[in-house]
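Owing to the predicted nature of the structure, the values given are computational and were not obtained by experimental measurement.
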Amino acid sequence: MPVPVPVPQQRGVPAAETPHGADLTVLVIEDDPAGSITGPELSAAAGTRVRIRTARNLTEAGRLLTDDVDCILLDLALPVPTTTATATTATTAAPAAPDHRPEPAPGRADELAVLTHVLRIAPLHAVLVLTAQDDTELAAEAVRVGAQDYLFRGELDARVLSRAIRYAVERKRADLAQHQLTESGLRAQENARLERGLLPTPLLEGSDLSFAARYRPGRSRALLGGDFYDTVRTPDGTVHAMIGDVCGHGPDEAALGVELRIAWRALTLAGLCGDQLLSTLQQVLEHERQSEEIFATLCTVDIAPDGRRAGLCLAGHPAPLLARHGRPARLLPYEDGGPALGLLPRARWPRRQVELGAEWSLMMYTDGLIEGRVGAGSSQRLGQDGMVAMVNSRLEQGLAGEELLEAAVAEVRELNGGELTDDVAVLLLGRAPERVRRRGRSASRPGPVSTAPPATAPAAASVQRPPLYGP
């Protein structure tokens, strides 16, 4: 009756993460009954204890291969039993390989069958192969397929072998680290493409209004936060804009913000407005939020086709800032606003009529812009009054549109003494009659007949996704 082979206690640290300078465990897979590799000789040459574990065949190696093995020393001349070679392709218990290794060259598959089997069952272990001195090509092919290095049987020296084992372990560790780094980079790129695709593209085709926006999430290395905004123009010529803020800064809040933005766009294009729209959005929030404590603030504006008046609804959100031509900017009334979405089951959000005038700029923003500090180490917040004063000073300098938002956000960050911890979203809509008149005159001039589709929005009302700022 055969004596069972003891299985060593497994450890939680993968073999490739063995601390530098620690004792090493080597699994030797060879059918040489003399056992040419011994532990004491390796330990004396390396100055560090090397534990030798020997397997005479692949079946025995499978039982002895545990996480505490740092390196596998494999004899390529080892015969591959038929049962083992057949079972190799059906192995399900072995972990997946960390990378896609190349297949052996034609004519070498049988000679490297034992190696491919070991690489499949031990993807996280360093592998050294032993081969005949006159078969350099086979040794090189073994390295190409996945082994870390090769040694010739006739040149086995304790010092050389010890150095080769340590080199193989370090190289495997470097390979795994590079693979993880590559995976992380690809995952980050995929997440960035996904998040950037979820940012809004304003639909302002045919509108004479200018548009600008700035957006920065509070989460590190993210493109999307809990703040959200959108702008669309309905067939009747009304321009609808909104900006909102889901409480919190994590990926769940970012996902909920995207859901609310998309729901708002769909409901707006379906003809809903004011209290009816906000009530429906609250139902969406109540069904999609992770907890009943999650709420969202919202500000919606619908600007009449003539651009002179607008309807305003506030759901626990800061009031927009209106700057008329030749007058200082001021906050729009907010006394009649309703609660944030998700706080009261049967809340109502009255719609207030606002006169805009002939030439104006309307800035909508989230509280991340006004909750920054006014000095490094200071406890005082910028607040709405501070923001109004800051914007007015920039307007006096003649800034508008993208330049105005860029300067305002940069000043807020400078006052805060560094990056803002909260999400920041700012949206700026404007109307300049001179631009409208120029467009009307150019449209009335006779010109060559063209079959191309008519021009849509002017450059100032570009429907391209607004650029992000910050790192």
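- The residue from Leu24, Ile165, Val26 that alone fulfils the side-chain contact (heavy atoms from CB on, under 4.5 Å) condition with Asp70 is Leu24.
- Heavy atoms of other residues, nucleotides or ligands lying less than 6.0 angstrom from CZ of Arg381 number more than 12.
- Counting heavy atoms from C-beta outward, Leu344 and Phe295 have side chains that stay 4.5 Å or more apart.
- Arg261 has its side chain within reach of Pro200: a pair of non-hydrogen atoms, C-beta onward, lies under 4.5 Å apart.
- Taking CG of Leu285 as the reference point, atom OG1 of Thr280 lies at 12.5 Å (rounded to 0.5 Å).
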I'd like to know whether Arg352 forms a side chain to side chain contact (heavy atoms under 4.5 Å, CB included) with Leu332, so could you lay out the CA-CA distance, the side-chain angles of the two residues, the decisive distance to 0.1 Å, and finally the verdict.
CA-CA 10 Å; Arg352 176 188 285 266; Leu332 291 180; over 6 Å; no
Is there a side chain to side chain contact (heavy atoms under 4.5 Å, CB included) between Leu115 and Val129 once you walk through the steps?
CA-CA 8 Å; Leu115 173 61; Val129 296; 3.9 Å; yes
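- Taking 4.5 Å as the limit, some side-chain heavy atom of Gln353 sits within range of a side-chain heavy atom of Arg309.
- Salt bridge Arg214/Glu406: present, at least one basic N to carboxylate O contact under 4.0 Å.
- The nearest pair of heavy atoms linking Ile243 to Ala425 is CD1-O, 3.4 Å.
- One side chain, Tyr365 or Gln384, offers a donor N or O that lies under 3.5 Å from an acceptor on the other.
- Nearest heavy atom pair, residue Ile121 against residue Leu65, reads O-CD2, 3.7 Å.
- The heavy-atom pair separating His125 from Asp67 by the smallest distance is NE2-CA, 4.3 Å.
- Screening Thr268, Ile262, Leu269 for a side-chain contact (heavy atoms from CB on, under 4.5 Å) involving Arg265 leaves a single residue, Leu269.
- For the pair Asn392 (side chain) and Pro328 (backbone), a donor-acceptor distance under 3.5 Å is absent.
- For the residue pair Leu427 and Met242, the shortest heavy atom distance occurs at CD1-O, 4.3 Å.
- Leu369 pairs with exactly one of Leu382, Asp423, Val412 by the side-chain contact (heavy atoms from CB on, under 4.5 Å) rule, that one being Val412.
- Heavy atoms of other residues, nucleotides or ligands lying less than 6.0 angstrom from CZ of Arg171 number more than 12.
- With rounding to the nearest 0.5 angstrom, the CG atom of Asn416 is 10.5 Å from the CG atom of Asp422.
- With sequence neighbours left out, the salt bridge (Lys or Arg N to Asp or Glu O under 4.0 Å) criterion links Glu411 to Arg394.
- Considering every non-hydrogen atom in both Leu314 and Pro320, the closest pair reads CD2-CD, 4.2 Å.
- Leu428 contributes atom CG, which lies 5.0 Å from atom CG of Leu405 (distance to the nearest 0.5 angstrom).
- Side chain of Gln148 to backbone of Val127: a donor-acceptor contact under 3.5 angstrom is found.
- Of the possible polar contacts, one joining the Arg431 side chain to the Ala358 backbone as a donor-acceptor pair under 3.5 Å is found.
- Residues in residues 277-305 take part in these salt bridge (charged side-chain N to carboxylate O under 4.0 Å, His left out) pairs, two or more places apart or across chains: Asp302-Arg351.
- Using a 4.5 Å heavy-atom cutoff, the side chains of Thr297 and Thr366 are not in contact.
- Side-chain atoms of Trp360 come within 3.5 Å of backbone N or O of Gly307 as a donor-acceptor pair.
- Within the 4.5 Å cutoff, side-chain heavy atoms of Cys299 are placed close to those of Leu312.
- Remark: Asp236 pairs with Thr234, Thr238 by the side-chain hydrogen bond (donor to acceptor under 3.5 Å, both in side chains) rule, at least two apart or across chains.
- Rounding to the nearest 0.5 Å places SG of Cys71 at 9.5 Å from CG of Leu27.
- Considering only heavy atoms from C-beta on, Glu419 comes within 4.5 Å of Arg216 through its side chain.
- Here CG of Asp175 is found 11.5 Å from CZ of Arg173. Values are rounded to the nearest 0.5 Å.
- The pair Glu359-Arg324 does not meet the salt-bridge criterion, since no charged nitrogen lies less than 4.0 angstrom from a carboxylate oxygen.
- The minimum heavy-atom distance linking Ala122 with Ile72 is given by the pair CB-CD1, 3.7 Å.
- More than 12 heavy atoms of other residues, nucleotides or ligands sit less than 6.0 Å from atom CD of Glu335.
- Val118 places none of its side-chain heavy atoms less than 4.5 Å from the side chain of Thr116.
- Between Trp264 and His240, the ring planes are perpendicular. Angles over 60° get that label, and only those under 30° would be called parallel.
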Kindly indicate, with the supporting measurements, whether the criterion side chain to side chain contact (heavy atoms under 4.5 Å, CB included) is fulfilled by Leu267 and Leu281.
CA-CA 9 Å; Leu267 294 171; Leu281 279 181; 4.1 Å; yes
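- One N or O on the side chain of Tyr215 and one on the backbone of Gly225 form a donor-acceptor pair closer than 3.5 Å.
- Sparse packing is recorded around CD of Glu137, with 12 or fewer heavy atoms of other residues, nucleotides or ligands lying under 6.0 Å away.
- In this structure, Trp349 CH2 and Cys313 SG are separated by 10.0 Å, a value rounded to the nearest 0.5 Å.
- Between the side chain of Ser393 and the main chain of Met390, a donor-acceptor pair closer than 3.5 Å is present.
- Residues Arg233 and Leu203 form no side-chain contact, since every pair of their non-hydrogen atoms from C-beta on lies 4.5 Å or further apart.
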Working for side chain to side chain contact (heavy atoms under 4.5 Å, CB included), residues Leu204 and Leu209:
CA-CA 8 Å; Leu204 290 173; Leu209 301 183; 5.6 Å; no
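- For the pair Gln282 (side chain) and Gly342 (backbone), a donor-acceptor distance under 3.5 Å is present.
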